[in-house]
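Letters go in sequence order (proteins before strands), and every chain restarts at 1.
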Number of protein chains: 2
Amino acid sequence: MRHARLPASEEIALEDVFHALSDPFRLEVVRRLATEGEQSCQALEGDRPKSSVSHHFRVLREAGLIRTRNEGVTRMNALRRDDIEQRFPGLLACVAPRRDD
Amino acid sequence: MRHARLPASEEIALEDVFHALSDPFRLEVVRRLATEGEQSCQALEGDRPKSSVSHHFRVLREAGLIRTRNEGVTRMNALRRDDIEQRFPGLLACVAPRRDD
DNA sequence: TCGATAGTTCGATATTTTTCGAACTTTGGC
DNA sequence: GCCAAAGTTCGAAAAATATCGAACTATCGA
C-alpha cells in the first residue's frame, strides 16, 4: 500500500490546517480523536460511505493533523498532538478538549 | 447601504472562522489588521479588482472576524480581537502577532 | 488458498467558492 | 447638483471540493 504524504511538523501549513478543520465532519473527527484517543476510521464514520470517510481522513492526514498506522486489518488514526502544539501552540486547545490520560 | 450580517460574539462559529482563515489572502489581511490596526479595504488590496477584495472582506465579516465602520468615503476594517479572544481563547495568538499598542 | 473485513483509489457528477467586469450606492467636495 | 472616490452587489464563468459507487489492495483467520 502506498503511503499517504505526511508533512513533517515544521512543514505543517496554517492554511491547510484551517481548511481541514473548516469541515464539520473533520472538525468532529479531530475532537473525538482528542477526547477518545486513537480510533479506526469506521469507529468515526457517521453512516457515510467509506470512500467519503476515507477522503476526509486523507485531508486531515495531508494537512498534518493526524497520523495513521496499521493495526491488523484496521487503520488506527491518532491526532498529532505534540507536532501541532509545537508548530502552532494553543491551536488545539481552541478546537478540542484535552484528553484525560 | 444595507449592513452586512455581523454575528454576535457568542454566535461566531469555529467552522466559519476556520474557513475564513483558510484562504491565504484573508489570512494575510487578518495578520495585517492584527499588527497594523484598522485599515481601509484598498490599503490591503494586492492589485486584485475591488469586487474580489470586497468578497473576501465580506467572508471575514460574516465569519465574525472583522468589523467595518464608515469613515467618510472609506470603510475601515478592524479585527474583532476581544470578541474572538472571548469566544475562542488563544486562537488569534496562533494566527497573528499581537499589535504593540 | 479463500473469504471476509477495513480501507484506498478512481472516475464522474454535484456543490461550493473564487474571480472579475459592469452597474450601482454612499459620502464628501466643488 | 454634479463629479470623484471607495466599496458593494449582481451575474456569469472558472476552479476547487465533496460525494458516492465500483473496483482494487492488504491483512487476518479458517
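Phosphate contact (OP1/OP2 of D:dT8, side-chain N/O of B:Arg61, threshold under 4.0 Å): present. Considering only side-chain N and O atoms, A:Arg58 lies under 4.0 angstrom from the phosphate OP1 or OP2 of C:dT9.
When side chains are defined from C-beta on, B:Leu21 counts as touching B:Leu65, because their heavy atoms get closer than 4.5 Å. In this structure, the side chains of B:Leu60 and B:Leu33 stay at 4.5 Å or more apart for every pair of heavy atoms. Between A:Val29 and A:His56 the shortest side-chain heavy-atom distance does not fall below 4.5 Å.
Here D:dA16 presents its C1' atom at 15 Å from CD of A:Glu62, a figure rounded to the nearest Å. In this structure, CZ of B:Arg75 is placed 10 Å from P of C:dT27, rounded to the nearest angstrom. The separation between A:Glu71 atom CD and D:dG29 atom P is 12 Å, rounded to whole Å. Atom CE of A:Met76 is separated from atom P of C:dT8 by 13 Å (rounded to the nearest Å). Put simply, CG on A:Leu44 is 14 Å from C1' on C:dA6, counting in whole angstrom units. One interatomic measurement links the two molecules: CG of B:Asn70 to C1' of C:dT27, which rounds to 8 Å at whole-angstrom precision. Residue B:Asn77 contributes atom CG, which lies 11 Å from atom C1' of D:dA6 at whole-angstrom precision. Per the geometry, CZ belonging to B:Phe25 stands 20 Å off P belonging to D:dA15, to the nearest Å.
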Mind listing the side-chain donor-acceptor pairs of residues 8-19 of chain B below 3.5 Å, one per line with the distance, residues two or more places apart or on another chain?
residue: B:Ser9; atom: OG; partner: B:Asp83; partner atom: O; Å: 3.4
residue: B:Glu11; atom: OE1; partner: B:Ala8; partner atom: N; Å: 3.0

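Candidate nucleotides D:dT8, D:dA26, C:dT8 were compared by shortest atom distance to the side chain of A:Lys50, and C:dT8 ranks first.
Rounded to the nearest 0.5 angstrom, B:Asn77 CG and B:Arg32 CZ are separated by 12.0 Å. We find the CD-OG1 distance between B:Gln39 and B:Thr74 to be 10.5 Å, quoted to the nearest 0.5 Å.
Among the heavy atoms of the strands lying under 4.0 Å from B:Ser54 is at least one base atom, whether or not backbone atoms are also near.
With respect to A:Thr68, the side-chain hydrogen bond (donor to acceptor under 3.5 Å, both in side chains) criterion is satisfied by exactly one of A:Glu38, A:Arg75, A:Arg61: A:Arg61.
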Nucleotide by nucleotide, 5' to 3', does protein get under 4.0 Å of the base (B), only the sugar-phosphate (S), or neither (-) in nucleotides 13-22 of chain C, counting heavy atoms? ----SSBBBB

